Student: 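Structure below; questions to follow.
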Amino acid sequence: MSGSTTLHEYRTGWKRAVIETKVSLTSIGDLMGFIMPTAIAIVVLLFMQRADFEGAPVSLGSMNMPSLIGMNVVFGGIIGMVGALAMDRTNGTLLRAKSMPGGMTGYLVGHLVSTAMFISVTAIALLAVGLPLFDGLEFGTPDRWMVFIAVLAMGIVATLPIGAVLGALLDNPKNMGLVMFPIMGMVAISGIFYPITALPGWLQGIGQVFPMYWMGLGMRHALLPDSMAAVEIGGEWRTLTMFAVLALWAVVSMALAPRLLRRMSRRESGSAVAARRADMQRDW
Amino acid sequence: MGHPPVHDGPTIAVSDLRMRYGDKDVLKGLDLTVQPGGVTALLGPNGAGKTTTIEILEGFRGRSGGDVQVLGVDPAAGGEAWRAKLGVVLQEWRDNGKWKVRDAVTHFADYYRPYADPYGPDELLELVGLAEQAGQRIRTLSGGQRRRLDVALGIIGKPELLFLDEPTTGFDPHARREFHELIHRLTDLDGTTILLTTHDLDEAEKLAERILILAGGRIIADGSPDQLARAASTTAEVKWVQDGALQIHPTDDATDFVRKLLATDDGAVTELEIHRASLEDAYLELVARFEAGDADTAVDTFQEATR
């Protein structure tokens, strides 16, 4: 394949991303999938504003607002990719891509970029809602903007390929729970809705393996007063470690993703799609 | 359409194609050659291996054995340039349902640009009769409209070879007729070879210049609808009652048989009937036996009838 053809496939994928993002942002279903749980979470956090954590300078609600943004990036990246790959295998979108020249590359680029766009838009929307509602958040200076953007970008780069790996492995949308429940568990042990230091040491250790904790930490770093670092493990933001752990997840999953995606693509056929659909109809 | 054929020889050349799932042989040495141009129907009962065959030809499925060349290339090794010369319309596509029709035809045309000069959106939607639906979301289309969009996306790159897998499954008679008209329109465009699968003889007779009947893992009949019909009707069944017993005798020359019968019966033959089998009879019997799980006898009987 010539270089210009590859470039064309990437460019076509980019156009696909623009259409997909437009579709997502104008589909009630897609928007409600984000708005409903997020709105509930924000309302909970508003109530948590009345609570303090061990005399910290900002309320528990304000403390958790940045964590919520971090969680949303991880959720959007992993569930967004897994859900789309599973659905698109059942409705034939993936097979359509396979039936066209360069279609698979275009599909994947399109999906990675549109998911990244959707995550960015929702992160910024959360920021715009969170800043006026929660007292004590700091976002007035360029250094905070830089940290926010860097953490957001790193989170996207780390979670999209994880989502691609899991999505390639998960053959059927009815098995979405296999991905959903562990991620719910991750939320519980990652200090999103309550500081991780309140957990027993061994759970803190497990929590720190996964990107969810580090995304929450990174966003707290970007948005909370520096004195709040005292509440974190070790009493500091651990900026370098955060980027290093996220980068490690990115590298490992990026190394695995292409091979698994190729395997997924190779197995795709009309009868595979039909069998998956029949399987779903039998169960539902 | 757009591509000048770059390979000499047949569009599809298959010899001794074999496919095995577990310990079940689905294709047992299928031979098939399709020359450029025209519509060929691959007809057979459900479960005969039509979809398996077409998926192997499309490069979507590996095979257990045999040689396959599609546009001069082995589909298992077909690259993107080869893929650009094919159009694929599957049984039930529900992809990209939230997209608008025009966005889909505009976007998917892009993939073909390095290889061909694809259809513009207006021209294409006009051709398949969806001009009025251009602004609708895809999932709001009716079943027939949706399939016409699938055809539009199948021919968008002006393919040399178009695959249609059971294209009218689930259609009402009106949608079916409209779809058949669309296929006739496509065959008027120069040079696209069409291979369609169907389990419906009537559809194959209406659309195809050549019908290949697939059953028992092989092609068991091959010819124009006319040739197959004549082959099926050469055998006639003569029935009569003699001495109170019903007699049935198959024969290739009913006239001669009856002349001899009546010359020697001394008036004992009554209720004489000559029943000439149609292609439809032969095919329906094949399907009935096939569905009863008696594939080998079904094939034998059919081949005897259409020899």
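Order of the sequence lines sets the chain letters (A, B, ...), proteins ahead of strands, with each chain counted from 1. Since the structure is predicted, the reported quantities are computational estimates derived from the model, not experimental observations.
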Student: Checking side-chain hydrogen bond (donor to acceptor under 3.5 Å, both in side chains) for the pair B/E80/A/T5: CA distance, chi angles, key distance, verdict?
Tutor: CA-CA 10 Å; B/E80 304 298 340; A/T5 315; over 6 Å; no

Student: Which atoms of A/L95 are under 4.5 Å from chain B, going by heavy atoms: the side chain, the backbone, both sets, or neither?
Tutor: both

Student: Between A/R11 and chain B, which part of the residue has a heavy atom less than 4.5 Å away: side chain, backbone, both or neither?
Tutor: neither

Student: Taking B/K50 for the side chain and B/P45 for the main chain, is one N or O donor matched with an acceptor at less than 3.5 Å?
Tutor: yes

Student: I'd like to know if the side chain of B/T193 reaches the main chain of B/L161, judged simply by a donor and an acceptor atom lying under 3.5 Å from each other, with no hydrogens or angles considered.
Tutor: no

Student: So, the side chain of B/R176 versus the backbone of B/F171: is there a donor-acceptor pair under 3.5 Å, distance only?
Tutor: no

Student: If you apply the rule side-chain hydrogen bond (donor to acceptor under 3.5 Å, both in side chains), what do you find for A/T122 with A/N72, and how did you get there?
Tutor: CA-CA 8 Å; A/T122 54; A/N72 184 64; 3.1 Å; yes

Student: With a sphere of 6.0 Å drawn around CZ of A/F181, does it hold more than 12 non-hydrogen atoms of other residues, nucleotides or ligands?
Tutor: no

Student: Among B/V88, B/D103, B/T51, B/I54, which residue forms the greatest number of heavy-atom pairs with chain A at distances under 4.5 Å?
Tutor: B/D103

Student: With a 4.5 angstrom heavy-atom cut-off, is it the side chain or the backbone of B/L153 that approaches chain A, or both, or neither?
Tutor: both

Student: Strictly less than 4.5 Å between heavy atoms, which residues of residues 93-102 of chain B line up against chain A? Please order them by number.
Tutor: B/W93, B/R94, B/D95, B/N96, B/K98, B/W99

Student: Between A/S27 and B/R137, does the side-chain hydrogen bond (donor to acceptor under 3.5 Å, both in side chains) criterion hold? Intermediate values first, please.
Tutor: CA-CA 11 Å; A/S27 297; B/R137 292 210 184 204; 3.1 Å; yes

Student: A/K98: what forms a salt bridge (Lys or Arg N to Asp or Glu O under 4.0 Å) with it, not counting sequence neighbours?
Tutor: none

Student: With respect to chain B, which residue among A/G92, A/P101, A/A97, A/G103 yields the maximal number of heavy-atom pairs within a distance under 4.5 Å?
Tutor: A/P101

Student: Between the side chain of B/E55 and the main-chain N/O of A/G270, is any donor-acceptor distance below 3.5 Å?
Tutor: yes

Student: Sort out for me which of A/A272, A/S269, A/G29, A/A274 touches chain B most, counting heavy-atom pairs under 4.5 Å.
Tutor: A/S269

Student: Does any N or O in the side chain of A/R276 come within less than 3.5 Å of the main-chain N or O of A/R89, such that one atom is a donor and the other an acceptor?
Tutor: yes

Student: Go through the atoms of A/T26 and report whether side chain, backbone, both or neither lie under 4.5 Å from a heavy atom of chain B.
Tutor: both

Student: Looking at A/R96, A/M100, A/H8, which one has more heavy-atom pairs under 4.5 Å with chain B than the rest?
Tutor: A/R96

